Amino acid sequence: MGEPTEPAFEENVITQLDGEGYDVVLKWLEKALRGQETLPVVVPDETPDQPILRWERKLSKMTREDLREAALTLVKRFVKNPGEEGDNSGYVAALLRLAKGFGLEEITTDLHRLASNKDAFATLPEPQVKAVLYALLDLNAPVPPEFWTQLAETLPDHLGVIVVSALLEQEGGYRTVAQVLKRLPDEEAVADSLYVALDQHALSQAANEAAKARVVETIQSAAPDYHAEIRKAVEEWAEEHAVPRERETQEFATKKSIDPTPLLAFFDKDAAERGEVFVRKRMSAKLVSQHIEAEAA
Amino acid sequence: MYSRAVTALSPDQTTLVSGQVTAWETGACPRWRRVSANIQAETALTFDLFCQLLEKFAGELSAGVDAPEECWRNACRSNQFNGRRLPDPIPECLGRATPISNYAILISESPGVTKSDTECEKLIRKIDMKGPAAHPRELRILRRARLGRYVVWATFNEADSSRNPFDVLPRTREEVRTALGLGDCSETDKLVLLSYRSMGSWGSLELFRPTIAEADQYCWYSPVADSSADYGMTRPLDPNPSALLPQPEVVHREITGEALLFPLYLVD
């Protein structure tokens with residue numbers, strides 16, 4: 001711990017767990033997550049999961065394992081009787097963040113089951129719904145894209161942004177994002193959250209410009225169907241992450257070993273014959289791709 | 001004031017309260033020893049309001065339902081924002097330091113925000129790195145989010161309250177923590193330094209001198225001996241190699257970040 005900590009304070013309710021049996025650890029953890037233990041916080045309004053994650057590394061291996069087992073047990077209890085927590089969303093959120101911090105990927109099975117149970121899930125207060133979805137998202141739950149798209153149909157519309165984030169994390173999930181984007185409400189707050197979700201995904205794809213370009217094109221191509229605020233956010237994001245035409249074409253050509261220039265010239269010529277100008281929008285890369293694939297077939 | 005207040009309670013209440021405060025004082029837990037010392041050193045509440053807090057504590061203890069620590073928490077939570085209200089003109093610029101993980105959770109849990117705490121932490125780091133070039137949509141998310149939970153503890157620049165209070169502090173985690181007298185940090189924790197205007201859509205923020213009731217179970221609080229002081233002062237942590245001075249301290253109710261000042265700073 002940091003320098004100024006007084007030596008007497010190195011001992012606290014978390015370090016004192018060392019050597020305790022599993023039942024004691026389980027009981028303690030539940031109380032702690034409900035805010036009924038005096039935890040070594042940095043600031044008074046810190047949530048209980050944070051000091052536990054900060055201090056548990058000081059515990060013996062056995063106690064750390066007991067803490068993980070206890071967290072898993074509490075998640076299972078919550079999933080079994082989700083309505084029992086009532087409005088106690090602080091406890092649920094802290095528990096699920098702790099499980100995430102512990103890297104307990106196995107909870108995704110339980111949370112997936114809970115979120116798939118439309119009737120039970122619909123009765124949860126919104127902060128608990130958000131906590132469950134955040135855990136599924138951050139633990140990268142291996143669920144099919146259909147799970148998320150179906151969920152989007154039953155969730156309040158503004159929570160659809162969480163579904164967008166989850167779909168973007170999945171292989172090929174971006175293809176179904178547009179149908180969720182169409183449902184997002186025409187609200188600036190939702191558009192801002194969406195912009196950040198799209199931006200974080202694009203930044204994570206920085207090393208793969210072709211993949212990034214595909215996502216940008218796919219999402220942008222359905223923009224006319226989005227509400228105004230959502231469309232604005234998508235356009236701003238697409239503008240910011242536009243892959244320079246030359247680089248995109250180059251990367252694509254290298255990958256396919258086919259020079260797209262003749263095809264682009266064909267489009268130019270075709271448009272000129274009709275008295276039009278062929279505008280090479282980012283969409284045209286997709287068009288070129290389709291033509292090349294058709295040619296190859 | 002504590003001795004006077006305890007004797008002003010009914011005999012049963014006196015026994016319960018003084019018995020528990022003494023038990024903490026002589027107990028094994030250093031945190032509750034300090035809470036006990038702080039209760040006995042309290043000066044920020046009026047005599048009547050301090051008695052009200054102790055009566056509530058006695059009531060919780062006599063009910064015998066919860067552990068004494070829980071009884072104290074319950075008593076505190078029903079007696080908050082009873083300290084002296086700062087007279088006008090109040091400080092223009094306030095600041096608080098908090099671990100980045102805590103701020104990320106605050107944003108994530110705020111109504112109208114649909115980003116996980118992991119995504120919010122990435123967002124805070126990006127805003128920090130981009131400085132003035134941060135995207136307006138990113139900044140708006142922080143402006144909509146809460147700045148603190150339940151009770152917000154804030155500091156200000158005593159010499160010039162229009163200035164960012166962190167301008168007078170070295171920008172390292174340990175020195176900020178030392179000056180503000182914050183609790184246990186790990187060496188990998190990052191603190192985010194938030195500064196914000198006291199004026200917003202709420203008008204002029206109500207600022208209060210902190211009391212033992214806002215401190216609740218937080219043992220790093222330090223009461224100021226002068227009962228007439230308008231605001232509290234932090235107790236810098238030992239050791240204090242840079243001889244950092246105590247910083248002024250106030251509390252206020254939850255607000256959103258609409259009056260946040262950018263850039264924000266991350267220190268480690």
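Order of the sequence lines fixes the chain letters, A, B, ..., with proteins taken first and strands second; residue numbering starts at 1 for each chain. Here the structure is a predicted model, which is why all the values come from computation and not from measurement. Hydrogens, waters and symmetry mates play no part in the numbers below; they use all other heavy atoms, side chains included.
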Test item: A:Val196 and B:His135 side chains (from C-beta on) under 4.5 Å apart, heavy atoms: no
A:Glu236 versus chain B, the contacting section by heavy-atom distance below 4.5 Å: side chain
B:Glu214 and A:Pro44, any side-chain heavy atoms less than 4.5 Å apart: no
Which atoms of A:Gln50 approach chain B - backbone, side chain, both or neither, heavy atom under 4.5 Å: side chain
Which portion of A:Lys31 sits near chain B, non-hydrogen atoms under 4.5 angstrom: neither
Salt bridge B:Glu109-A:Arg97, side-chain N to carboxylate O under 4.0 Å: yes
Residue, of B:Thr98, B:Ile105, B:Val151, that accumulates the most heavy atom pairs under 4.5 Å with chain A: B:Ile105
Contact origin within A:Leu159 toward chain B - heavy atom pairs under 4.5 Å: both
Any B:Asp184 side-chain heavy atom under 4.5 Å of A:Arg54 side chain: no
Greatest number of heavy atom pairs closer than 4.5 Å to chain B - which of A:Gln36, A:Glu240, A:Gln16: A:Gln36
Which portion of A:Ala197 sits near chain B, non-hydrogen atoms under 4.5 angstrom: both
Point-to-point distance, once rounded to the nearest 0.5 Å, from OH of B:Tyr218 to CG of A:Asp45: 9.5 Å
Closest-packed option against chain B by number of heavy-atom pairs under 4.5 Å, given A:Ala135, A:Ala189, A:Ser165, A:Ala191: A:Ala189
Side chain to side chain, A:Asp192 and B:Arg144, heavy atoms closer than 4.5 Å: yes
Modelled atom types, side-chain donor and acceptor of B:Gln217 and A:Thr38, under 3.5 Å: yes
